[in-house]
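This report concerns only the one structure given below.
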Protein chains: 2
Amino acid sequence: MKLTKNQQLVYEALKQAEMPQTAYNLLDGLRDEGLRAPPQIYRALDKLLELELVHRLESLNAFVACAHQHHNDGFSAFSICNDCGAVEEFNLPQVSEILSDWSSQKAFVAETTTIEVRGHCAKCART
Amino acid sequence: MKLTKNQQLVYEALKQAEMPQTAYNLLDGLRDEGLRAPPQIYRALDKLLELELVHRLESLNAFVACAHQHHNDGFSAFSICNDCGAVEEFNLPQVSEILSDWSSQKAFVAETTTIEVRGHCAKCART
DNA sequence: ACGAATTGTGTTATGTTATTACATATGCTA
DNA sequence: TAGCATATGTAATAACATAACACAATTCGT
């Protein structure tokens, strides 16, 4: 058990949530547990991001618990439904590889890669 | 000439800038031209994004003029140097294709795709 | 077991990014 | 030229994120 109390609270809240949560969503949900101010949330999130237990969705300013336990070199991709908000995390090793190749060719040292595909999920597109 | 005055002002400011600009950067720079309030900037940006003359860098909350004149199905990728802030836009048709394949397999209707690789550019990594 | 160093916590205040709402103006088109 | 869609100007506010400071808990070397 390496997570502190606040980190656990935030992590559990994210795992429970079926949707991406903003920092302020999380704060609202955790007020009863004693969390009162944004820094308490952001600090926990920073740590969880560092441990790769959580991902940040840049185009949403929101966070999700990582779907795949075994951590994945920071190369996760996400599809995000603009209608219902559903998010799916997936991994495309080929894409990782192409981006790695591009980086080494450019002598760019990659640290984190964001891939977010926004549109309409199967369910919402059908209607 | 299809751009309105504000749209042109913002577009020119972005083309001139060698670095990504936030909405408030742009606002500061354009105050002398008569732009006073955020919505004036955001509205111009919305239009420019729609026309694909400009890209939004989600991980930076900033904007750049599109490097490639001929527009490119919304599949641009960007490398962003965390040290000097330099941004390079590039296109990897293979990646576009893999993501398209994934989408059609999942019946996900993609609208916009964000690919941002953050790290250290060749120049900054050397030091 | 002790003290130092690191990491985490709680809190207030503030900074930064983005939108809502409403009134007015401009330009196209039937 | 009336009507409609699009653009503008402005004030206020909402949403997202960090700085700074004091203090508590944990870890680690000796």
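Lettering follows sequence order; numbering is per chain, from 1.
Sorted by first then second residue, the salt bridge (charged side-chain N to carboxylate O under 4.0 Å, His left out) pairs that include residues 110-120 of chain B, not counting sequence neighbours, number zero. Within the structure, ring pair (Phe, Tyr, Trp, His ring centres under 6.0 Å) contacts touching residues 86-111 of chain A (residues at least two apart or in different chains) are A/Phe90-B/Trp102, A/Trp102-B/Phe90. Under the salt bridge (charged side-chain N to carboxylate O under 4.0 Å, His left out) criterion, the residue pairs touching residues 24-39 of chain A are A/Asp28-A/Arg31, with sequence neighbours excluded.
In this structure A/Pro93 satisfies the side chain to side chain contact (heavy atoms under 4.5 Å, CB included) test with no other residue, sequence neighbours excluded. For B/Lys5, the side chain to side chain contact (heavy atoms under 4.5 Å, CB included) partners are B/Leu9, not counting sequence neighbours. Partners of A/Ala125 under the side chain to side chain contact (heavy atoms under 4.5 Å, CB included) rule, at least two apart in sequence or in another chain, are A/His120, B/Val109. Listed by chain and number, the residues in a side chain to side chain contact (heavy atoms under 4.5 Å, CB included) with B/Ala37 are B/Pro39, B/Gln40 (sequence neighbours excluded).
At the heavy-atom level, B/Arg56 lies under 4.0 Å from the strands shown only through sugar-phosphate atoms. Contacts of A/Ala37 with the nucleic acid, taken as non-hydrogen atoms under 4.0 Å apart, include base atoms.
At whole-Å resolution of the value, CG in A/Leu35 and P in C/dT11 are 10 Å apart. Rounded to whole angstrom, the span from the OH atom of A/Tyr42 across to the C1' atom of C/dT14 amounts to 14 Å. Atom CG of B/Asp46 is separated from atom P of C/dT19 by 7 Å (rounded to the nearest Å). Distance CD (A/Glu33) to P (C/dG10): 12 Å, rounded to an integer number of Å.
The span of DNA chain D lying next to chain B, judged by atoms under 4.0 Å from heavy atoms, is bounded 5' to 3' by D/dA7 to D/dA11.
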Only distances under 3.5 Å count here; give the side-chain donor-acceptor pairs of residues 10-18 of chain B to other protein atoms, sequence neighbours excluded, each with its distance to 0.1 Å.
none

Between the protein and nucleotides 5-9 of chain C, which nitrogen or oxygen pairs are less than 3.5 angstrom apart?
{"residue": "C/dT9", "atom": "OP1", "partner": "A/Thr4", "partner atom": "OG1", "Å": "3.0"}
{"residue": "C/dT9", "atom": "OP1", "partner": "A/Asn6", "partner atom": "N", "Å": "3.4"}

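Residue B/Ile80 belongs to a hydrophobic cluster whose other members are B/Leu57, B/Leu60, B/Val64, B/Phe78, B/Val87, with links defined by side-chain heavy atoms closer than 4.5 Å.
The minimum heavy-atom distance between A/Ala65 and A/Glu89, with the atom names listed, is O-OE1, 4.3 Å.
Axis angle, first five pairs versus last five pairs of the helix from C/dA1-D/dT30 to C/dA30-D/dT1: 40°, rounded to 10°.
Residue whose closest nucleotide on DNA chain D sits further toward the 5' end, between A/Pro39 and A/Thr22: A/Thr22.
Between the side chains of A/Ser79 and A/Glu88, no donor-acceptor pair of N or O atoms lies under 3.5 Å.
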